[in-house]
Amino acid sequence: AQTVTQSQPEMSVQEAETVTLSCTYDTSESNYYLFWYKQPPSRQMILVIRQEAYKQQNATENRFSVNFQKAAKSFSLKISDSQLGDTAMYFCAFMKGGTIQGAQKLVFGQGTRLTINP
Amino acid sequence: GAGVSQTPSNKVTEKGKYVELRCDPISGHTALYWYRQSLGQGPEFLIYFQGTGAADDSGLPNDRFFAVRPEGSVSTLKIQRTERGDSAVYLCASSPRAGGPTDTQYFGPGTRLTVL
């Protein structure tokens, strides 16, 4: 079974600062994907970024980037030039690759509550 | 365009009652997922539909939980003999194709179920 661990329950930074959220995972799979989702107070989960395990290059999406350390099973999210609208819960998630049963479900961590202060 | 919608937004019921939670996926999306999010936790997978059939129901906690998607669009999650431990936010998601890690899941706002 896969597990995802987020060790920071809460974080708080000032607007325009850079913040890094941590995530570690455990799996015996070789083909998998990792994700960061954002959940604002509206409860609607929004995909922030996706990383394929077989790609060495770290994924980036505008102000969001990841530091993927496969050997250490670490997958952190860096938010640059943070904005007030980034305030939300952030969840790290794992999914098996391929089309086998179980490949479609996301396994989530416990989440990190991020607050951006003006 | 319209996103995933879920009704009701909030549901309060008494222990032992039956409840139905509805999910309207994005039009044309083939795959549909249900997750449960307990307070202070990340979502946990319940069931995944590919079209009308449940392709993976390994996350359903027990036989009090059942879900259907009879026409391959709207889905209903049904909980019989509700217990206080069933209190959670129930999230629905849909994706355009056959599911899998490159097929982005789009989530609805969830239904908050409270069992008194």
Side-chain angles (χ1 to χ4, degrees), chain A residues 1-10 21 23 25 27 29-55 59 61 75 88-113, chain B residues 2-10 21 23 25-26 29-51 53-60 88-113:
Chain A
Q2 288 66 232
T3 59
V4 178
T5 302
Q6 295 177 249
S7 58
Q8 305 154 311
E10 295 187 29
L21 308 183
C23 172
Y25 61 95
T27 184
E29 302 288 334
S30 58
N31 180 17
Y32 57 89
Y33 290 67
L34 296 163
F35 306 79
W36 279 97
Y37 275 84
K38 170 184 178 180
Q39 187 178 42
S42 66
R43 297 198 306 236
Q44 200 152 1
M45 302 280 280
I46 301 165
L47 178 64
V48 174
I49 200 164
R50 173 182 15 228
Q51 173 78 42
E52 300 162 64
Y54 64 85
K55 285 191 175 178
E61 287 287 343
F75 182 62
M89 286 291 292
Y90 285 81
F91 291 94
C92 179
F94 171 102
M95 184 185 283
K96 292 181 187 178
T99 57
I100 56 175
Q101 185 178 23
Q104 291 79 19
K105 65 182 177 186
L106 289 161
V107 178
F108 288 91
Q110 308 93 314
T112 296
R113 183 178 303 279
Chain B
V4 177
S5 63
Q6 293 186 245
T7 53
S9 177
N10 292 281
L21 311 179
C23 172
I26 294 172
H29 278 197
T30 302
L32 185 144
Y33 316 78
W34 284 98
Y35 293 83
R36 178 169 71 173
Q37 186 174 18
S38 300
L39 188 63
Q41 301 296 317
E44 293 180 302
F45 170 81
L46 295 176
I47 187 169
Y48 154 66
F49 286 90
Q50 183 56 246
D56 182 357
D57 64 358
S58 62
L60 294 178
V89 174
Y90 289 81
L91 297 169
C92 177
S94 68
S95 64
R97 297 181 295 276
T102 59
D103 198 24
T104 299
Q105 294 185 25
Y106 297 87
F107 283 79
T111 293
R112 182 181 298 281
L113 175 66

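Lettering follows sequence order; numbering is per chain, from 1.
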Chain B contact via A:Gln39 - which portion, at a heavy-atom distance below 4.5 Å: side chain
Mind ranking A:Gln6, A:Met45, A:Gln110 by heavy-atom pairs under 4.5 Å with chain B and telling me who comes out on top? A:Met45
With heavy-atom distances below 4.5 Å as the criterion, would you say the side chains of B:Phe45 and A:Phe108 are in contact? no
Proximity breakdown for B:Ile47 and chain A, heavy-atom pairs closer than 4.5 Å: neither
Any side-chain heavy-atom pair of B:Glu44 and A:Val107 under 4.5 Å: no
Neighbours of chain B found in residues 30-38 of chain A - heavy atoms under 4.5 Å: A:Tyr33, A:Phe35, A:Tyr37
Are the side chain of B:Gln105 and the backbone N or O of A:Gln104 linked by a donor-acceptor pair below 3.5 Å? yes
Less than 4.5 Å apart, side chain to side chain, heavy atoms only: is that true for B:Gln37 and A:Phe91? yes
Smallest separation among heavy atoms of A:Arg50 and B:Asp103, with atom names: NH1-N, 4.2 Å
Select one option (side chain, backbone, both, neither) describing which atoms of B:Tyr35 are under 4.5 Å from chain A's heavy atoms. side chain
Taking all non-hydrogen atoms of both residues, which atom of A:Lys105 and which atom of B:Ser58 are closest, and how far apart? NZ-OG, 3.5 Å
How far does OH of B:Tyr48 sit from CG of A:Leu106, to the nearest 0.5 angstrom? 12.0 Å
Donor-acceptor contact present, side-chain A:Gln44 to main-chain B:Phe107, <3.5 Å: yes
Rounded to the nearest 0.5 Å, the OG atom of B:Ser9 sits from the CZ atom of A:Arg43 at a distance of 4.5 Å
